[in-house]
Amino acid sequence: MRFRFCGDLDCPDWVLAEISTLAKVSSVKIKLLCVQVLRDLLGDGIDYEKITKLTADAKFEPSDVKATVAVLNFILASAAKYGVNGESLSSELQQLGLPKEHAAALCKSYEDKQTALQDKLKESSLRLNRLGSVSWRVDYTLSSSELKEVNEPVVHLKLNVQNVDTGALEPTVALVSAVKFRVLLTELKQAQALMNALN
């Protein structure tokens with residue numbers, strides 16, 4: 001059976017297995033768990049102490065607590081990713097065996113944050129690291145311990161790449177022979193010409 005919140009694919013087996021774990025917690029606590037998971041998805045962090053307290057009466061093992069968070073994370077993120085409305089999500093979760101009250105509580109939390117969650121997912125998808133700076137120098141090797149005459153230039157390239165997640169600059173250093181540097185330069189010029197043609 002295909003589910004919209006799974007991208008019109010079959011529901012993963014591990015999600016099916018964890019639906020029964022979700023059913024062991026009251027619907028009120030499901031809503032509070034969803035609030036914590038949604039906070040994490042929106043980048044505000046998750047309070048694991050609260051999660052542990054909310055699942056304490058169900059006598060969950062630590063692995064069950066992690067599985068509960070993981071399945072809620074999957075359901076909420078996938079539903080937002082595929083633009084599923086609360087009513088459809090509730091219906092599909094009930095088809096998977098989640099009690100009606102639990103599905104309603106989960107979907108209420110989801111509907112409250114659906115737009116913000118979709119915006120956050122759009123913001124964090126298809127992001128690439130940025131080139132912070134480039135520095136270079138050319139060394140000309142006259143001779144070496146193995147050869148009397150080398151007479152070959154070598155280009156030292158240092159690319160400082162800004163990590164999109166951490167914002168930190170990460171240096172990448174490369175030694176490039178003159179021949180390889182000419183090839184690199186030619187290919188970069190071709191790429192720039194193609195990009196300029198697209199504008």
Side-chain angles (χ1 to χ4, degrees), residues 1-130 161-170:
M1 196 167 182
R2 301 185 183 280
F3 296 92
R4 285 188 54 214
F5 83 94
C6 295
D8 287 324
L9 297 171
D10 289 338
C11 186
D13 292 338
W14 71 271
V15 174
L16 288 172
E18 297 308 327
I19 291 288
S20 61
T21 307
L22 286 179
K24 293 176 185 174
V25 182
S26 71
S27 60
V28 173
K29 289 189 177 175
I30 285 287
K31 185 172 182 180
L32 295 172
L33 287 168
C34 285
V35 167
Q36 288 300 314
V37 172
L38 284 165
R39 279 183 44 138
D40 187 44
L41 287 169
L42 293 170
D44 296 331
I46 192 166
D47 186 346
Y48 285 105
E49 285 184 28
K50 265 189 187 172
I51 300 255
T52 305
K53 287 178 187 172
L54 289 171
T55 56
D57 63 337
K59 305 228 178 351
F60 278 1
E61 295 292 321
S63 61
D64 292 330
V65 174
K66 290 176 184 175
T68 300
V69 170
V71 75
L72 288 173
N73 189 307
F74 176 83
I75 291 168
L76 295 167
S78 294
K81 177 181 177 181
Y82 296 111
V84 179
N85 62 37
E87 191 176 317
S88 298
L89 181 60
S90 178
S91 170
E92 290 183 352
L93 291 173
Q94 288 176 55
Q95 290 174 35
L96 292 172
L98 192 66
K100 186 175 184 176
E101 307 79 39
H102 290 60
L106 189 151
C107 291
K108 175 70 174 114
S109 295
Y110 167 70
E111 287 174 333
D112 292 344
K113 300 286 184 182
Q114 181 179 5
T115 305
L117 185 55
Q118 287 175 326
D119 291 343
K120 183 69 176 178
L121 291 172
K122 283 178 191 171
E123 178 186 303
S124 64
S125 67
L126 295 175
R127 299 184 318 160
L128 299 173
N129 293 338
R130 296 181 185 269
V161 179
Q162 186 173 19
N163 187 308
V164 74
D165 295 320
T166 64
L169 284 178
E170 300 170 356

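The two atoms that bring Lys31 and Ser109 nearest to each other are CG-OG, 3.2 Å, heavy atoms only. Between Leu54 and Lys29 the shortest heavy-atom distance is O-CD, 3.1 Å. What you find for Ala79 and Leu89 is that their closest heavy atoms are CB-CD2, 3.9 Å. Between Cys6 and Tyr82 the shortest heavy-atom distance is C-CE1, 3.8 Å. Minimum heavy-atom separation, Phe60 to Thr21: CZ-O, 3.4 Å. Smallest separation of non-hydrogen atoms from Gln114 and Val84: NE2-O, 3.2 Å.
The closest side-chain heavy-atom distance from Phe5 to Ser88 is not below 4.5 Å. Side-chain atoms of Asp8 and Arg4, non-hydrogen and from C-beta on, do get closer than 4.5 Å to each other. Annotation: side chain of Ser78 is not in contact with side chain of Phe3 (no heavy-atom distance under 4.5 Å). Between Leu38 and Leu72, the closest side-chain pair of non-hydrogen atoms is not below 4.5 Å. Contact annotation: the side chain of Arg2 approaches that of Leu9 to within less than 4.5 Å [non-hydrogen atoms, C-beta and beyond]. By the 4.5 Å heavy-atom criterion applied to side chains, Leu33 and Ile51 are counted as neighbours.
Atom OG in Ser27 sits 12.5 Å away from atom NZ in Lys100 (nearest 0.5 Å). The distance from the CG atom of Leu32 to the NZ atom of Lys53 is 13.0 Å, given to the nearest 0.5 Å. Atoms NZ and NZ, from Lys108 and Lys113 in turn, are 11.0 Å apart once rounded to the nearest 0.5 Å. Rounding to the nearest 0.5 Å places OG of Ser90 at 12.0 Å from OH of Tyr110. Remark: Gln94 CD to Leu96 CG distance equals 10.0 Å, nearest 0.5 Å. Taken from CG in Leu98 to CG in Leu106, the straight-line distance is 7.0 Å, to the nearest 0.5 Å.
No side-chain donor-acceptor contact under 3.5 Å links Glu87 and Ser91.
Looking at Glu18, its side chain never comes within 3.5 Å of a backbone N or O of Thr68 through a donor-acceptor pair. Not one N or O on the side chain of His102 forms a donor-acceptor pair closer than 3.5 Å with the backbone of Lys24.
Of the options Thr55, Asp64, Ile46, a side-chain contact (heavy atoms from CB on, under 4.5 Å) to Val69 is made by Ile46 and by none of the others.
Crowding of Asp13 atom CG: a count of heavy atoms from other residues, nucleotides or ligands under 6.0 Å not exceeding 12.
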